[in-house]
Amino acid sequence: MKRRVIVALSLLLAAQSLVSDAKMSDDAYKLFQNANALEKQNKYLEAVDQLKSALELSPDEAILYIKLGGMYSEIGDWNNALIAYKKAIKLKPNDAVVYISIGNILQQQNDYDNAFMAYNQALTIFPEYKYNYLNLANVKALQGDNVEAVQYFKTFLGYYPDNTEARENLASIYMRLDKYQDAADEYAELYTKNPATFKEFSNYGLAMLKSGDYPNAAEMLKNAIREDANDYTAHGNLAIAYVKLQKEELALIEFRKAFEIKPDLHYLKFDYANLLADMGKTQDAIEKYNEYLTYYPKDEMGYFNLGIVYQKTEQYNKAIVAYNKALTLTPDNDEIKRELARCYHLNKNYSDAIKVYDELLVKNKDDYNLLFNKAIALHATGSYEPAIAIYKNLYSKKPEEKVKEYLSKAYIAQGNAYADEKNQRKAISSYEEAVALDSNDVNARRLIAKSYDELGIKTKAIEQYERAMEIDPNNKRVIVDYANTLSKYDRLEEAQAAFNKVIAMDETVFDAHVGLADTYAKEKKADDAIAEYSRAVALNPNDTATLIKLGNIYKEKQCTDIALQYYEKALDINYKNTDALYNAGLCYAELKNLSKAKELLEKAITIDPNYSYAYYALALAYEKEKNIDAAIENYQKFLDLSNDNALKSEIKAKINYLKSK
C-alpha cells in the first residue's frame, strides 16, 4: 500500500491563511501577511521568522500558530510543527484542520495511534469533510488493522469513487486479507475506467490467479511482463497460471526466467518442484523441494510433496520421514495421512498405518486389509460402532480368527465405555456379543457379572462369575471380583474363602487383601481388618482409599492419634482428598484441636461445596466453641444437601433447640 499521506485541505488552508482573528494587532497582522508572501516564494525559514515576531506581538492568535506549524511542516521540522499546532489547538480546540495537520505529522512520525485519534477528532468536529476517511483508512492500514482500514476506504470511496490511489490501496489490503476476489474486483474497476494509465498488472494478475481465474490471470501477467520484462514476480505467477492451465512447457520456461532474474526466489521453488515432479523429473524435483524446505522448514506441504516423489521412486523410508515431518506441522491433514498410510503399507509397517486409515476407504472401499486396518484404528480411538461394523462385515466375508479376536476386543472395549458412562444395560449387551463369539471368554463373562452387580441383580452376577470360574478356576481377577460381590451381599464367609484362595495363589494381589479386610471390617473384626489393610498398604503405599480405611478402623477403635496418622498420610499423597480432610478434621475435633478441625473441614468444603457431612462436622465444632450462629448456619447447609433422613431429623431438632437458647 502506498504510504503517502493524502490530505486534501488546500482550499481550507488557503482560506485560513487569508483570515486572521480580530484581536491581532496591526503590526502582527503585517508580519503575518509578510509570512504569507514569503510562503508563496517558498522562503519558509524567513516566513518562520516573521511568524515568530508576530507571535511576540499577538501570542494568543491561533492562526499564527497554525501558519507557523505549516511552515515547519514545509521544511520537515515535524517536532516544531507539532508544538505549534498543539498551541493552536489550545486556542482553537474545535479546529478540525489543525487536528488533521497534527494527524499528518504524527503519521509521518509513525505514531499511528495518536494520528488516528487526531483524525478521528477532526471527523467529530467536522463530519462534512469526507476526505478525512482516507486519512483514517491510511492510518488503520499502517497500524495493520486491515479490517478497519477496509471499512474506512469503502466509506471514502462511497464519496469519491474515482479516487485511484484509495482504490489501489483498498485492493492491496484485500490482498493482505486473502480476499483475492474482492481485490480482483477493485483492480477491475481501476482497469476498466483507465486502461491506458493502469499500472497494477502484476497485482491484478495475482489476484485473479489466487481467485481461480487462470486464463485472465495469465493475460494480465503477460501485460505486466510487457511493462517490465524483469518483473520476476510476474514471471513466477505466470508460470503458476500455466501450471493451472496444464501448459507445462510454458510454465517451465517462465519458472526458469524468474530464477534467471532472481535466483533466490526460494518461495517459488515449491511450485517449481511440483512442476518438475509432474513432468517426471523426479531427482530435480527432490533437489528443489529440499532447497525450498531449507528456507521454509515449517511448510507441511513441502514435506508432503517431497514424500510423494520419494514414494514414487520407492524410497519408502525417506517418504515416511517426510510425511511424519508434515504431520508434526499439521496433525489433522487427511491428505497427508492417506499417503502416509499407503507408504506404511508399501513399506509393510502396518502398526503405524492403522493411525492414518480413517479416510482411505473412499477410494479403496473393498480392500480387505485396508478395511481391517481402518477398523483397528477406529477401535483404538474409541469409535467402537463403526469398527464393529467393519469387523463383522469382514468376518462374514472371510472368517479369519484374527478378525474374530479383534471383534471380541471391540465389543469388550465398547462395553467398558458404556460401563464408564453408568449405562450397564448397554455394557451387558456388548459383553454378551463377545460371549456369543466365544462362550469360553472368561473376561467377557466377568465383565457381564460386574455390570449385573452394578445393577443390583445379584443372582445373575454370581451366576456369571461361577460360569467364568468353571472355565478358568484359577483366574485371580475373576475370583477377586466374585468375592467382592459376595461381600457386597454380606456372604462374608464365602467372600473370605475366595479372597484367601487368591492370596494363597499370589500374596501380592493388592485387591484381594483390601477385599478381605473389607469383610473383616463388616464383621467388626478390627484387628484382622487392620492386618489385611496393612498388607495392602505395604503392596501399594500410595493408595489413599486404603489409608483412609485404615484410619477409619483405628478411629472406630478410638485410637484417634493413629487414625489421624493414616488420614494425614493420605493427604500427603493427595492434599485435595475430601474424605481424608473430613476424617482428619473429625480426629482433630476429638483431640480438642477445634481450630485445626475447622481448617480441614473448611478445606474439604472449598474443594467440594456439596460435601454435606463436612458441614455437619463443622457445625459440631462451632457448637463446641459456643458459636451458635455459625453452628446453626452449617447445620442448615447439611440439611440442604444431605439425604440422611434419620440424621436430618436429629439436626432439625438440634437447630430448634439452639435457636431457643
Side-chain angles (χ1 to χ4, degrees), residues 421-422 454-456 487-490 514 517-518 520-524 526 529-530 533 543-661:
E421 296 169 1
K422 307 300 181 186
E454 287 292 325
L455 291 169
S487 176
K488 177 179 177 180
Y489 295 109
D490 294 329
V514 173
D518 288 343
Y520 290 140
K522 282 189 172 186
E523 292 179 326
K524 305 299 182 184
I530 287 170
Y533 284 138
D543 188 81
T544 55
T546 305
L547 290 168
I548 291 170
K549 286 179 178 181
L550 260 172
N552 291 345
I553 294 291
Y554 277 112
K555 189 168 62 171
E556 288 176 9
K557 290 185 68 174
Q558 298 184 348
C559 298
T560 307
D561 289 334
I562 300 174
L564 184 58
Q565 291 174 21
Y566 284 104
Y567 297 138
E568 290 184 333
K569 282 182 183 179
L571 289 171
D572 287 340
I573 296 165
N574 179 9
Y575 70 95
K576 291 186 176 181
N577 188 304
T578 52
D579 288 336
L581 287 166
Y582 167 71
N583 284 295
L586 292 179
C587 287
Y588 276 114
E590 185 68 25
L591 295 170
K592 311 299 184 187
N593 188 342
L594 296 179
S595 61
K596 185 66 175 178
K598 290 190 297 180
E599 176 190 336
L600 295 177
L601 292 167
E602 285 169 352
K603 279 185 182 178
I605 289 167
T606 300
I607 295 165
D608 182 2
N610 295 318
Y611 199 134
S612 60
Y613 287 103
Y615 290 107
Y616 169 67
L618 190 57
L620 289 174
Y622 278 122
E623 189 176 355
K624 286 182 180 180
E625 288 184 332
K626 308 300 184 186
N627 188 339
I628 303 304
D629 290 340
I632 291 172
E633 179 184 349
N634 283 281
Y635 280 136
Q636 186 59 53
K637 287 179 179 176
F638 168 78
L639 290 178
D640 294 340
L641 296 170
S642 178
N643 293 320
D644 188 339
N645 292 327
L647 186 55
K648 284 172 73 171
S649 297
E650 180 183 326
I651 296 307
K652 287 177 183 177
K654 179 170 281 196
I655 289 173
N656 291 333
Y657 170 73
L658 291 173
K659 285 181 177 180
S660 68
K661 290 183 68 175

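Worth saying up front: this structure is predicted, and the values here are computed from it rather than measured.
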Measuring from atom [atom1] of [X] to atom [atom2] of [Y], what distance do you get when rounded to the nearest 0.5 angstrom?
{"X": "D629", "Y": "K659", "atom1": "CG", "atom2": "NZ", "result": "10.5 Å"}
{"X": "E599", "Y": "L581", "atom1": "CD", "atom2": "CG", "result": "9.5 Å"}
{"X": "I605", "Y": "N634", "atom1": "CD1", "atom2": "CG", "result": "6.0 Å"}
{"X": "I632", "Y": "I651", "atom1": "CD1", "atom2": "CD1", "result": "11.5 Å"}
{"X": "S660", "Y": "L658", "atom1": "OG", "atom2": "CG", "result": "7.5 Å"}
{"X": "T546", "Y": "Y566", "atom1": "OG1", "atom2": "OH", "result": "11.5 Å"}

Excluding sequence neighbours, so at least two apart, what forms side chain to side chain contact (heavy atoms under 4.5 Å, CB included) with [X]?
{"X": "N610", "answer": "D608, L641"}
{"X": "A597", "answer": "Y588, A589"}
{"X": "A580", "answer": "I548, A570, L571, N577"}
{"X": "A529", "answer": "Y520, A521, Y533, I553"}

Could you list the donor-acceptor pairs under 3.5 angstrom formed by side chains in residues 554-561, with sequence neighbours left out?
{"residue": "K555", "atom": "NZ", "partner": "N583", "partner atom": "OD1", "Å": "2.6"}
{"residue": "K557", "atom": "NZ", "partner": "D527", "partner atom": "OD1", "Å": "2.7"}

| How about Y575: does its OH atom have over 12 heavy atoms from other parts shown lying under 6.0 Å from it? |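 Counting neighbours around OH of Y575, 12 or fewer heavy atoms of other residues, nucleotides or ligands fall under 6.0 Å, so no.
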| task | Please indicate whether N643 has more than 12 foreign heavy atoms, meaning atoms of other residues, nucleotides or ligands, lying under 6.0 Å from its CG. | result |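 Counting other residues, nucleotides and ligands, CG of N643 stays at 12 neighbours or fewer.
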| Pairs satisfying ring-ring contact (aromatic ring centres under 6.0 Å, His included), at least one member in residues 595-630, at least two apart |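 Non-adjacent pairs meeting ring-ring contact (aromatic ring centres under 6.0 Å, His included): Y582-Y611, Y613-F638, Y616-F638.
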| According to the ring-ring contact (aromatic ring centres under 6.0 Å, His included) rule, which pairs have a member within residues 640-661, sequence neighbours left out? |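 Qualifying pairs, neighbours excluded: none.
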Partners of [X] by salt bridge (Lys or Arg N to Asp or Glu O under 4.0 Å), sequence neighbours excluded?
{"X": "E590", "answer": "none"}
{"X": "K648", "answer": "none"}
{"X": "D518", "answer": "K549"}
{"X": "D490", "answer": "K522"}

| task | Identify the heavy atoms of G551 and Y567 that sit nearest to each other, and give their distance. | result |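 Looks like C-OH, 3.1 Å.
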| task | Can you see which heavy atom on A614 is nearest to which on A604, and at what distance? | result |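 That would be CB-CB, 4.4 Å.
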| query | Do the side chains of D543 and V514 get nearer than 4.5 Å, heavy atoms only? | reply |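 The answer is no, as the side chains (C-beta and beyond) never meet within the 4.5 Å cut-off.
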| salt bridge (Lys or Arg N to Asp or Glu O under 4.0 Å) contacts touching residues 633-644 (sequence neighbours left out) |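 The answer is E633-K637.
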